[in-house]
Amino acid sequence: INENDTFLSLGTSGVILTAKSSFSPKPDTAVHTFCHAIPNRWYQMGVILSCTDCLNWLSKNLGKDIKTLIKSLGHKIKRPNSVYFLPYLSGERTPHNDSLVRAAFLNLDISTTENDLTQSVLEGVGFALRDNLEALKASGSNITSAIAVGGGSKSLYWLNLIANILNVSLKIPKHGEYGASLGAAKLAIIGVTGAKPEEQIIFPTISKTIFPSKNLLTPYNDAYYRYRNIYPALKSLE
C-alpha cells in the first residue's frame, strides 16, 4: 500500500504491479492505472500477455517438461544468449498495446541448441518485463525491489536471470501461494471492522532475497537495448 511497494507475478501472463500515493497516469506507455481498494491510494501495473505460457509452448514443441528444460541450463546464470526471443505469442500489452504482433526467434543458426532456445525464451520474457519496468519508471515509479509470486517464481534460475535484467532485488515470500486469498481476507477485515489498513496490510515473511550480480548487469543491460530495437523492425514486416 506504500509508494513503490511492488510485486512481480510470473504466471500465464506476467505482471509488475506497484503501489502509488498519487494518481499519475501515462496512457502512451500502456501502463494500467487504477484506484486502490484502500482509499486515497492507487496502483499501476505493466502486463505482458505471455509469460509462463512461453515456457508451456516451448515444452510442448520440444517434447520435454519445463523443469527438465531449465535444469539443463545448470545453476549458474550465463551471459546473454546470442539468440533472441520476442515473447509475443498472443500479442502484447505493455508497452506496445499491440494485439497483432507475434513472437519471433532471431539469430538462429546451424549451431543453435535446445539449451539456446530455452535460455532465449527465459531471457525474452525477462526483457519484456524490463519493457514494463521502464514504462512504470516513465510514469514516476522508482522500483528497486519486488516480491516475486506465481508459478514461474519457483525457478531460482529464472528469478536470478530476471533480477539481473531488471536490476532489482527479488524477494520470495515464505507462503506466496496464499498471497491472493490472504490479501482478500485482509481487505474483508478492514471493510467489516474498520481496522486501519497500515495495521493489517504488512509485508509477508520473506524466505529468500535474490540480488543482481554486478558482473552481469552490464551484459544484460546491453542485451536489453538490442532487444528493444527488434520490435520496430518486426512491425515493419507486417
Side-chain angles (χ1 to χ4, degrees), residues 8-16 30 46-135 150-166 216-238:
L8 165 69
S9 175
L10 301 176
T12 301
S13 59
V15 177
I16 302 179
V47 180
I48 65 172
L49 295 178
S50 299
C51 184
T52 58
D53 239 9
C54 292
L55 287 172
N56 292 333
W57 170 84
L58 185 69
S59 170
K60 179 179 68 176
N61 282 283
L62 293 181
K64 292 188 178 181
D65 64 81
I66 294 172
K67 185 179 292 187
T68 299
L69 290 172
I70 295 179
K71 187 177 180 180
S72 68
L73 298 177
H75 299 289
K76 189 176 181 181
I77 304 301
K78 306 174 182 67
R79 293 174 66 86
N81 201 283
S82 60
V83 175
Y84 280 85
F85 174 71
L86 278 73
Y88 307 143
L89 293 171
S90 300
E92 191 56 295
R93 193 166 298 170
T94 310
H96 304 305
N97 209 13
D98 187 345
S99 63
L100 299 179
V101 69
R102 286 297 177 262
F105 280 110
L106 187 69
N107 289 340
L108 297 174
D109 64 28
I110 196 68
S111 66
T112 298
T113 66
E114 186 177 275
N115 282 354
D116 291 322
L117 297 179
T118 303
Q119 185 180 344
S120 68
V121 167
L122 294 175
E123 290 177 359
V125 171
F127 292 142
L129 290 169
R130 171 73 181 270
D131 273 345
N132 282 242
L133 181 65
E134 296 299 326
S153 67
K154 295 178 182 178
S155 169
L156 291 180
Y157 184 97
W158 205 10
L159 289 183
N160 271 284
L161 187 63
I162 292 172
N164 282 286
I165 292 172
L166 302 185
L216 290 174
L217 284 175
T218 296
Y220 274 102
N221 193 56
D222 292 344
Y224 166 69
Y225 281 102
R226 289 192 293 271
Y227 164 89
R228 70 185 297 179
N229 289 328
I230 302 173
Y231 171 79
L234 190 64
K235 286 297 291 181
S236 71
L237 299 177
E238 289 185 354

| Any Lys/Arg nitrogen of D98 or K235 sitting under 4.0 Å from an Asp/Glu carboxylate oxygen of the other? | yes
| Hey, does the side chain of N132 reach the backbone of V47 with a donor-acceptor pair shorter than 3.5 angstrom? | yes
| said: I'd like to know if the side chain of S59 and the backbone of N56 have a donor-acceptor N/O pair within less than 3.5 Å. | reply: no
| field | Whether T52 side chain and G11 backbone form a donor-acceptor pair below 3.5 Å | value | yes
| said: Looking only at side-chain N and O atoms, does D65 offer a donor or acceptor that is under 3.5 Å from a partner on T68? | reply: yes
| said: If we count only N and O atoms by modelled type, under 3.5 Å, do the side chains of D116 and T113 hold a donor and an acceptor together? | reply: yes
| message | Go through it in stages, so that I can follow the logic: the residues are N115 and S72, the test is side-chain hydrogen bond (donor to acceptor under 3.5 Å, both in side chains), and I'd like the CA-CA distance, side-chain angles, deciding distance and then a yes or no. | response | CA-CA 7 Å; N115 282 354; S72 68; 2.8 Å; yes
| query | Which residues satisfy the side chain to side chain contact (heavy atoms under 4.5 Å, CB included) test with K78, sequence neighbours excluded? | reply | L73, Q119, Y157
| field | side-chain hydrogen bond (donor to acceptor under 3.5 Å, both in side chains), paired with E123, selected from Y220, W158, Y224 | value | Y220
| said: I need the minimum non-hydrogen distance between L129 and L8, along with the two atoms involved. | reply: CD1-CD1, 3.9 Å
Name the atoms and distances for all side-chain donor-acceptor pairs under 3.5 Å in residues 82-90, with sequence neighbours left out.
from, atom 1, to, atom 2, distance (Å)
Y84, OH, A223, O, 3.3
Y84, OH, R226, NE, 2.9
Y88, OH, H96, NE2, 3.3
Y88, OH, Y227, OH, 3.3

| field | For E92 against V101, the heavy-atom pair lying closest together | value | N-CG1, 4.0 Å
| task | Assess the side chains of D53 and T12: does a donor N or O sit below 3.5 Å from an acceptor N or O? | result | no
| Does the pair R228 and E134 meet the rule for a salt bridge (charged side-chain N to carboxylate O under 4.0 Å, His left out), with working shown? | CA-CA 11 Å; R228 70 185 297 179; E134 296 299 326; 5.5 Å; no
| message | Run R130 and N221 through side-chain contact (heavy atoms from CB on, under 4.5 Å) and show every step you take. | response | CA-CA 10 Å; R130 171 73 181 270; N221 193 56; 2.8 Å; yes
